[in-house]
Each structure stands twice: as C-alpha cells, then as structure tokens.
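What follows is a set of notes on a single structure, which appears directly below.
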Amino acid sequence: MIKATRKPLEEISSSVKGYGRILVLGCGGCTSVCLAGGQRESLELADDLAQVARAGGSTQHQSSATVERQCNPVFLAEISGRIADCDCVLSTACGAGVQNLSDAFPALPVFPALDTLFIGVDIDVGLYEERCRHCASCMLAYTGGICPVTRCAKSLFNGPCGGTRVDGGCEVGEGKSCAWLEIHDRLKAQGRLDSILSLRPPMDWVDRGPATLVQVGYEGRYTAAKVAAP
Amino acid sequence: MKTTATKAAPVNAEVLDLVRRRRKLVKLSLGACAHCALCAESCFKYRNSGQDPTYTPSYKAINTIGKIVKRRGRLSPGEYEKVRELAFDKCVLCMRCRCPVGVDLPYLISLARSACREVGIERGYLEGKNA
Ligand code: SF4
Ligand code: SF4
Ligand code: SF4
C-alpha cells in the first residue's frame with residue numbers, strides 16, 4: 001500500500017493559518033494502515049493544531065472526520081455536510097486523495113497534512129519498506145521477485161554497478177544490501193540464472209502526462225471522450 | 001446475528017444523524033435483497049473463508065448498517081464490536097461484490113464503518129491487523 005508520514009506541525013499550521021474552521025479529514029485506506037492519517041491520527045492532529053492555536057491566542061476551531069477512502073468519490077459525497085461547515089480542509093490522505101478531494105470541492109481550500117513517500121510493505125507495526133516505484137513495466141519476472149528499480153540505489157537493469165561490498169552491501173551504504181547480489185543469489189537458488197544473462201533494453205523513462213487505467217474487460221464502459229489513453 | 005445481553009450505550013448524535021439521513025436508502029436497499037446469496041461468490045473474503053456464510057456481503061450489510069438503522073443506533077458496545085468485526089475484519093471494502101438486484105452492498109457496509117467511527121471504533125491497525 002501507499003506509505004506516508006505526517007508533515008512537521010509548523011508547516012501544517014502555517015498552511016491553515018488565517019482559517020477559522022478547519023476540518024482535519026482522515027482516510028480509512030492506506031494512510032490508516034501506515035498509522036499516518038487514519039481516524040486516530042486525524043484526531044491527534046486536530047488536537048495538536050488546537051494547542052498551537054491556543055498558544056498563539058487564536059480562536060481557530062478544529063474538528064475531525066474520517067472517510068473510507070479519499071480516492072473514491074462515493075465516500076467523499078458522505079462528508080459534504082461537514083465540508084459545508086468549514087473554511088478549509090486538512091487532508092491526511094496521500095497526494096491522490098488530497099487531489100480527489102480538491103477536485104470534488106473546487107471552491108474549498110484543501111491542504112495536505114502528509115508527505116506521500118512510497119508504495120511499500122509492512123515489515124512490522126509502524127515499520128515499512130519501499131518495494132515498488134510503479135514504473136509501468138514490471139521487471140520482477142526476470143529478477144527473482146526483487147525490484148531493481150526500487151531496491152538498487154542506481155535502478156540498474158543489467159547487473160550490479162561494480163560497487164558491491166565484500167559483505168554483500170551496496171556501496172552507497174545506509175545498511176542496504178546490493179539488490180543485484182540478492183537477485184543473483186535468489187535466481188541461482190531457483191536454478192533460473194539464465195533469466196538475467198540476456199541484456200534487457202533500457203527502460204522507456206519518457207516523460208508523460210498523468211496516466212489513466214481502464215482495466216481489461218471494462219473498455220466498453222468508458223467512452224473515448226471520458227478517458228484519455230495512457 | 002445473535003444479540004448480546006450487554007446494556008445498550010446511549011445513542012451517539014452523529015450516528016443518529018447518519019441513521020436519519022440514510023434510513024430510507026438502507027431500508028429500501030435491504031428490503032430489495034432477495035437473500036439469493038449470489039453476492040457471496042463475488043466476495044474474495046467469502047471465497048477464502050471456506051464459504052463461511054458470515055462473510056456473505058448481504059449478511060455483512062444486514063447485520064451491520066441494517067441493524068444500526070433498525071435500532072436507531074442504539075447498540076451495546078458488545079454489539080458494536082460485532083459490527084466492527086463484520087464491517088472491518090470481514091470486509092476490505094474492495095467494492096467488488098455484485099448484487100443481481102442492484103443493491104449497493106459496499107456502500108451499505110461503508111455506512112456501518114462510518115457509524116463505528118462515530119462511536120470511536122475502527123480497525124486495530126496499531127495491533128498490526130493489516131490484512
Ligand atoms: S486516498 Fe490515498 S491513502 Fe487514502 S485509500 Fe486512497 S490511495 Fe490510500
Ligand atoms: S519493476 Fe519494480 S518499480 Fe517497476 S513495477 Fe515492478 S516492482 Fe514496481
Ligand atoms: S467490498 Fe467487502 S463484501 Fe464486497 S467483495 Fe469486497 S470484501 Fe467482500
């Protein structure tokens with residue numbers, strides 16, 4: 001899922017400075033799971049902002065609510081009543097949720113309370129690791145289920161850079177292991193080393209506009225006018 | 001669903017408001033449910049549960065928001081706990097369930113989650129229940 005972390009309180013409070021009634025809107029999806037923006041965290045943020053406001057002698061009022069997923073308009077419709085009662089919204093969803101909220105209520109100032117970091121896995125409660133950079137051309141079939149784009153510091157496609165440490169670490173340090181050594185070792189153990197012996201062409205990193213996905217089988221449902229090609 | 005004998009909590013104003021706003025829709029939707037259980041096959045949680053009937057989307061809707069609406073939000077903490085289990089643990093709100101009659105089951109379950117949140121109940125992510 002998407003992993004995110006709360007912005008520094010000073011940055012958040014300065015973005016909503018000057019607004020009288022603030023709604024801190026939590027997301028019940030990914031940012032709940034990574035303990036950054038669910039119900040508990042949105043309540044905590046509203047409390048923290050109230051303390052900042054009190055300390056600064058401001059009469060600003062904070063409240064909080066949480067919707068299932070801010071990236072789905074069905075769930076946003078549920079809070080239109082609360083939206084009508086506030087001057088701005090502080091969203092604890094990922095960047096996609098913040099934008100969806102802004103698009104759903106274009107007259108309303110919407111501010112992000114989180115920094116969206118990565119797509120990752122849950123190692124333990126409160127501990128997450130990045131695993132995918134959604135490159136749109138997945139390599140995992142050739143690389144033993146280990147992503148070279150994400151886990152190699154240089155996102156190399158055709159083997160290690162030559163800086164692999166004797167202990168198997170990556171030369172950039174930070175306690176990270178060399179992704180290409182891991183790829184090699186796993187494929188060797190599976191008897192599939194041939195899968196990295198042929199050269200892979202470079203990734204097509206060409207700039208493009210925001211992508212749209214129409215899932216296979218749903219083509220007839222969406223007209224060309226509604227959805228631009230990816 | 002079997003109700004517990006625990007005392008019903010005082011009704012929460014926000015839940016009451018939700019019940020007022022959505023009462024008609026919930027009653028109409030659940031009234032239209034033919035109890036055919038065809039929705040069950042479209043739910044991966046049901047299919048992965050060894051076909052446990054309490055994972056059937058219609059069962060989850062009826063025994064969560066259906067119950068909340070019927071009782072106008074007056075559920076005991078023990079009953080809310082059962083709603084939480086159905087709406088959060090037994091459903092991931094993937095919105096894939098399909099009802100041949102057109103009942104919007106995920107939306108109904110999402111209303112139950114909203115009611116739970118209003119009384120301070122949600123999934124225990126802190127305990128690591130991330131599945
Ligand atoms: S808005 Fe973002 S954080 Fe919330 S469920 Fe959607 S993708 Fe996840
Ligand atoms: S290659 Fe890596 S970054 Fe690209 S889609 Fe696969 S896992 Fe994600
Ligand atoms: S939304 Fe819930 S009930 Fe419907 S298919 Fe997904 S998990 Fe099953």
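Chain A is the first sequence line, chain B the second, and so forth, proteins listed ahead of strands; every chain is numbered from 1.
At a 4.5 Å heavy-atom cutoff, the contact between B:Ile121 and chain A is made by backbone atoms alone. Only the side chain of B:Leu111 comes within contact range of chain A, judged by heavy atoms closer than 4.5 Å.
Other residues, nucleotides and ligands contribute over 12 non-hydrogen atoms within 6.0 Å of the CZ atom of B:Arg21. Remark: A:Tyr142 OH is loosely packed, at most 12 non-hydrogen atoms of other residues, nucleotides or ligands lying under 6.0 Å away. No more than 12 heavy atoms of other residues, nucleotides or ligands lie within 6.0 Å of CZ in B:Arg72, so this atom counts as exposed by the packing criterion.
Taking OG of A:Ser32 as the reference point, atom CZ of B:Arg123 lies at 10.5 Å (rounded to 0.5 Å). How far CG of A:Asn72 is from CE of B:Met95: 4.5 Å, rounded to the nearest 0.5 Å. Put simply, OG on A:Ser42 and CZ on B:Arg117 are 9.0 Å apart, with the number rounded to the nearest 0.5 Å.
The backbone N or O of A:Gly28 lies less than 3.5 Å from no partner atom in the side chain of B:Arg113, so there is not a single donor-acceptor pair.
At a cut-off of 3.5 Å, with distance as the only test, a side-chain donor of A:Glu78 or B:Tyr107 sits close to an acceptor on the other residue.
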